[in-house]
S.K.: 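Handing you this structure, nothing more for now.
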Amino acid sequence: MPRQTFILNGKNITVDVHDDVRVLWVLRDLLGVTGPKYGCGINVCKACTSHINGKAFNPCSVRVGDLARDDEVTTIEGLPDTVGKELHPMQQAWLDRDVPQCGYCQPGQIMAAVALVRKVRREGRSVTEGDLDGIRNICRCGTYTRIREAIKQGERNM
Amino acid sequence: MTAHAHDRTHRPTREEDDAAPLSVRRRSFLGYVVGGATLVAAADLGLGDSALAAVPTAPQPAEAYDLNDMLTDSCRPTANLITVTVHDDGTASFALPRMEVGQGITTSTAMLIAEELELPVSKVHVTLAPARPELEFNQLTGGSNTTISTYTPVRVAAAIAKGALLDAAAIQLGDSVENLRARNGVVQAPDGSSVTYAGLATKAASPVTRTVNVQLKDTSEFRVIGVGQNRVDARDAVMGRKEYTTDLQVKGALPTMVCRAPTLNGTPKRLRNRAEILKMPGVRDVARIDTGVAVRADTFGQCIDAIRAMKVDWDDGPVAGLGDADIVADLRAAEVALPTLPDNPLAKTIDTEVLFYFRSNSAMDTNSAIADVRKDHATIWSGLKSPITAQQRIAEALGMTPDQVTVNVVTAGGSFGRRLFFDGALEAAKISQAMGKPVKLMWHRADDARVGRGHPMSTSRIRVTHANGEVLAFQQSHTSVETDFRHGLGEIISAMAADLPGGYGNLGYAETIFSLTQEVPYDFGVVAQTLTETDDRFNTGSMRNIYSPDVRCAGELVVDQLAAAMGQDPYEFRKRFLRNDRVLAVLDKVAQVGGWGRTMPKGTAQGIAIHKEYKGASACLVEIDCRPRTVDRDIPDGVGGPRVTRVTYAIDAGLVVNPRGLEAQMQGGINDGIALALTSSLHLRDGHFLEASWDNYFYTRQWNTPPEVQVILMPSDSGQPGGAGEAGVAATFSAVACAYARATGTVPTYFPINHRDPLQFKPKPVVPPIPQSPVNGLKLTY
Ligand code: FES
Ligand code: FES
């Protein structure tokens, strides 16, 4: 069986699994990293949103064989370490706004929000209502109102 | 869980304490300090306020005795204890015999305990109790009833624990209990000496079980209840540490999925390529069960590959070949004639019929369960709102007795009514038995959307008669595909039926629930609401707020038509005809805060609606934008449609335990109401539902959600809490429907309004039944 090597939450990791297994299953089923959630498996719901080299990606739609040795995968578990704190400012904003209901979609929402702020910063601007409207992550509990508030707060503190 | 060995000669009773020198007479309650090494205080979960004060005399039964009264009363006769334990680290714990699905009951329960026990909320740990068959009816989470039914007993247990701690402290500090003050987990004497709960927990324990009498705090003394509290599980949730069923690691429970039939509820005859499937990478086991062909593998991805490769012969399901139009025709055929009213030559009649298509209550966390079935014992882990019924049904299916089946309740990623059933748990048990191995079953999203339970299709017909500015009669006849209540609620009704006031005993479950939830809070003369159910071929259940969203939506659309017919403003008209002060107050509130009647541009409009249920009242004022440039927004793989731009929502939920949680529930319910009105439904075509994912089933998304939402929690002098989990849906749905009708000048005759538009997605195939995961994710990073 092929050996797959990549960087996960700051650590080098090697796992024996076929190339075509999607990264989500490698994380959840083989490595026990369960922060990224399954919600569709077809890159629609965004519950699995994590980061690759600092950008948002959906591990349900990437083959593990397509990851390079030096690709850095960050899941919600590794997010606080990227700022060297116990909580990333976006997670803190989520807590301050008491966003989660069932909580299932929230790791993906937070990872998407962090990537959105980074993206608009690269574009030299800040998050607009239009950007918020464009977020594709589903929340079936309907926490959208608080998500919008939290993103604005998290952006200020990032 | 703490064992409660006790021998009771009498049931705890509640008595009026006439001797209390308080202006507000306080009740005292009986409970127990349970014998043991650590402090365990117990109360009977059956404690509560009797709602059976009077047999209803009003024409509308739900006003005097509603579903919540029945659910609360059904808990009453069960002689069973719930226990609060105080540990020697100064924390308290409680195993809640209910299910947390996101509605925030672990938080609100921790608050109730913190209040009476004088402990910070952070030091109260609430877990979910496994199935406790001795609780009989009292372990069902539904009807927004948790806080209504547990409010008193949970506080009684906590108060008894505090009493025992104070007794122990009195000895330790050498003072009398009356002089001591407990606060924040510390007992203090007037001389400044103090002792912590940690230091008292063991000393406060009682070697034998003893009965104690306690009084609860008066609402004026509350410091925790009524103050906004963040969720106790939020930190775990935002750190990715909150565990749902599929996150649990149970030895040997490998990923398992099921290949399902191309028609709804079809059954497998034969897997033609079993040997080939077993040779696929990662695949370990294959087994046929009644609902399909199960595969167990090292990863869920390999389960998906296997299912897509399976060649299965199927027997058709019961609706093979049928589509929406067939079911609509069946419903129409089942409709009963509306009763005719005495001839009144001056009276005018308005007749309305509204059709509501099938809707899905698929949650983000799909149906899932872990099952480890051995020869003479089975263990189940799953998100279950009726674990006792689940335990019984699973035992039956496995050929075991219920005591051979341990059912653990796990927090779930949403329910919306779906987890009243245990489809995943039952299926996992059968698979584990067939394979002889532990399994971690997860439904694919496509199955969860298509095969999972939903809200039945229904029609609501209303006939109103009015003359000289008065409404003489309001008749509503609701006809629906059957709502499945066979998850324990049905059993409660059967058991309670004979004791219910007003002769409910003769009605079926569904009619009983209908009449216990529905009421028309207007002075509309002769009011009658009836339910006819037909067709049990679909997988249905009580989706959030059960009948109310549809019934109320049709009703409020008619109220707007009545107002128009009488030349009156929709708000003024409601004000004039409402006959309940609480409803009137919330209506006035939204009208005032939301600016009812302000000038709106053409193609946009306001809509206003009210709802009364769950021992509360709600009103919603929305603004909608139906202008073409909004409706025709280009949304890839989604629907734009009319946008609700602003929502003002007022709720009177009685005594509010956690205002922050209540606000969250309303915000969620608002998005549900918008989805029901505008975007989300299931299309039945050729024997199956088309929607197989979130890019097919259009639940409210960020581009649909209102940019402006204001929720107002009404002050209440009620000493009793109302229900929260579902109370946001019906008024929102109705207000959006009314606003849409006013903005477009067309009263919709079916919902959601986009159901008959050309499909805005390409249906995924039914063979294979689930889609493959894409591989282009690295091209889509941002
Ligand atoms: S599971 Fe990855 S996007 Fe839905
Ligand atoms: S919090 Fe439940 S799905 Fe988002």
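The chains referred to below are lettered A, B, ... by the order of the sequence lines, with proteins before strands, and numbering in each begins at 1.
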S.K.: Where does Phe300(B) contact chain A at under 4.5 Å (heavy atoms): side chain, backbone, both or neither?
M.R.: both

S.K.: Answer with side chain, backbone, both or neither: which region of Leu254(B) has an atom nearer than 4.5 Å to a non-hydrogen atom of chain A?
M.R.: neither

S.K.: So which residue, Asp672(B), Thr366(B), Leu780(B), ends up with the most heavy-atom pairs under 4.5 Å with chain A?
M.R.: Asp672(B)

S.K.: I'd like to know which of Gly130(A), Gly108(A), Gly134(A), Ala112(A) tops the heavy-atom pair count under 4.5 Å against chain B.
M.R.: Ala112(A)

S.K.: Would Arg140(A) and Tyr699(B) count as a cation-pi pair here, with the cationic atom under 6.0 angstrom from the ring centre and within 45° of the axis?
M.R.: yes

S.K.: What option among Asn230(B), Asn671(B), Ile674(B) has the most heavy-atom pairs under 4.5 Å with chain A?
M.R.: Asn230(B)

S.K.: Most heavy-atom pairs under 4.5 angstrom with chain B, which of Asp98(A), Leu132(A), Val26(A)?
M.R.: Asp98(A)

S.K.: Taking side chain as C-beta onward, heavy atoms only, is Lys764(B) less than 4.5 Å from Ile42(A)?
M.R.: yes

S.K.: Go through the steps to decide whether Gln249(B) and Thr34(A) satisfy the test side-chain contact (heavy atoms from CB on, under 4.5 Å), and finish with yes or no.
M.R.: CA-CA 10 Å; Gln249(B) 310 292 346; Thr34(A) 54; 4.1 Å; yes

S.K.: Could you tell me whether Arg122(A) atom CZ has more than 12 heavy atoms of other residues or ligands within 6.0 Å of it?
M.R.: yes

S.K.: If you count heavy atoms of other groups shown closer than 6.0 angstrom to CD of Glu123(A), is the number above 12?
M.R.: yes

S.K.: What do you reckon, is CZ of Arg125(A) surrounded by more than 12 foreign heavy atoms closer than 6.0 Å?
M.R.: yes

S.K.: Check whether Ile138(A) gets within reach of chain B through its side chain, its backbone, both or neither, counting any heavy atom under 4.5 Å.
M.R.: both

S.K.: At a heavy-atom separation under 4.5 Å, does Ser368(B) approach chain A through its side chain, its backbone, both, or neither?
M.R.: neither

S.K.: Only pairs of heavy atoms separated by less than 4.5 Å count here; which of Pro636(B), Ala675(B), Ala412(B), Gly728(B) has the most with chain A?
M.R.: Pro636(B)

S.K.: For a 4.5 angstrom cut-off between non-hydrogen side-chain atoms, does Asp298(B) reach Trp25(A)?
M.R.: no

S.K.: Based on non-hydrogen pairs under 4.5 Å, which of Gln665(B), Met442(B), Arg241(B), Gln302(B) is most in contact with chain A?
M.R.: Met442(B)

S.K.: Verify salt bridge (charged side-chain N to carboxylate O under 4.0 Å, His left out) between Lys440(B) and Asp29(A), making sure each step is shown before the conclusion.
M.R.: CA-CA 10 Å; Lys440(B) 182 190 277 187; Asp29(A) 302 343; 5.6 Å; no

S.K.: Working to the nearest 0.5 Å, report the span between CZ of Arg118(A) and OH of Tyr782(B).
M.R.: 11.0 Å

S.K.: Minimum heavy-atom separation for Pro107(A) to Ala237(B), with atom names?
M.R.: CG-O, 3.8 Å

S.K.: Heavy atoms only, distances under 4.5 angstrom: which of Thr781(B), Thr705(B), Asp365(B) has the most pairs with chain A? Name it, please.
M.R.: Asp365(B)

S.K.: Starting at CE of Met239(B), measure out to CG of Leu87(A) and round the result to the nearest 0.5 Å.
M.R.: 5.0 Å

S.K.: Going by atom types alone, do Thr299(B) and Arg22(A) pair a side-chain donor with an acceptor below 3.5 Å?
M.R.: no

S.K.: Test Val238(B) against every option in Leu79(A), Leu95(A), Val99(A), Ile76(A) by the side-chain contact (heavy atoms from CB on, under 4.5 Å) rule and name the one that passes.
M.R.: Leu95(A)

S.K.: Counting only non-hydrogen atoms closer than 4.5 Å, does Ser362(B) touch chain A with its backbone (N, CA, C, O), its side chain (CB onward), both, or neither?
M.R.: backbone

S.K.: Write down the atom of Arg445(B), the atom of Tyr38(A), and the distance for their closest heavy-atom approach.
M.R.: N-OH, 2.8 Å

S.K.: Passes side-chain contact (heavy atoms from CB on, under 4.5 Å), Arg701(B) versus Tyr144(A)? Steps please.
M.R.: CA-CA 8 Å; Arg701(B) 302 283 282 271; Tyr144(A) 299 117; 4.1 Å; yes

S.K.: If we define contacts as heavy-atom pairs under 4.5 Å, which of Ala115(A), Ala47(A), Cys141(A) has the most with chain B?
M.R.: Cys141(A)

S.K.: Checking Cys40(A) against chain B: side chain, backbone, both or neither under 4.5 Å from a heavy atom?
M.R.: both

S.K.: Counting only heavy atoms closer than 4.5 Å, note whether Ser773(B) contacts chain A via side chain, backbone, both or neither.
M.R.: both

S.K.: Mind ranking Val709(B), Ile770(B), Leu778(B) by heavy-atom pairs under 4.5 Å with chain A and telling me who comes out on top?
M.R.: Leu778(B)

S.K.: Between NZ of Lys242(B) and OH of Tyr104(A), what distance do you get to the nearest 0.5 Å?
M.R.: 12.0 Å

S.K.: So what's closer than 4.5 Å to chain B heavy atoms on Val44(A): side chain, backbone, both or neither?
M.R.: both

S.K.: Quick one: do Ile147(A) and Gln702(B) satisfy side-chain contact (heavy atoms from CB on, under 4.5 Å)? Show the steps, please.
M.R.: CA-CA 9 Å; Ile147(A) 287 174; Gln702(B) 284 286 10; 3.6 Å; yes

S.K.: Can you tell whether the side chains of Arg136(A) and Asp695(B) come within less than 4.0 Å, N to carboxylate O?
M.R.: no

S.K.: At a heavy-atom separation under 4.5 Å, does Ile135(A) approach chain B through its side chain, its backbone, both, or neither?
M.R.: both

S.K.: Ion pair present between Arg148(A) and Glu708(B), side-chain N to carboxylate O less than 4.0 angstrom?
M.R.: no

S.K.: Would you mind checking which part of Asp637(B) comes under 4.5 Å of any heavy atom in chain A, side chain (CB onward), backbone (N, CA, C, O), both or neither?
M.R.: both

S.K.: Between Asp96(A), Asn137(A), Val17(A), which has the largest tally of heavy atom pairs under 4.5 Å with chain B?
M.R.: Asp96(A)

S.K.: When you check the gap from the basic side-chain N to the acidic O, do Arg633(B) and Asp133(A) get nearer than 4.0 Å?
M.R.: no

S.K.: In Å and rounded to the nearest 0.5 Å, what is the CE to SG distance from Met364(B) to Cys45(A)?
M.R.: 4.0 Å

S.K.: At a heavy-atom distance under 4.5 Å, which candidate from Arg97(A), Gln101(A), Glu129(A), Gln106(A) has the highest pair count against chain B?
M.R.: Gln101(A)

S.K.: Start with the C-alpha gap between Arg146(A) and Glu663(B), add the side-chain angles, then the distance that decides, and say whether side-chain contact (heavy atoms from CB on, under 4.5 Å) holds.
M.R.: CA-CA 10 Å; Arg146(A) 289 187 180 179; Glu663(B) 183 197 57; 2.6 Å; yes

S.K.: Which residue out of Ala56(A), Gly103(A), Pro100(A), Gly39(A) racks up the most heavy-atom pairs below 4.5 Å with chain B?
M.R.: Ala56(A)

S.K.: Determine the minimum heavy-atom distance between Gly777(B) and Asn43(A), stating which atoms define it.
M.R.: CA-ND2, 4.5 Å

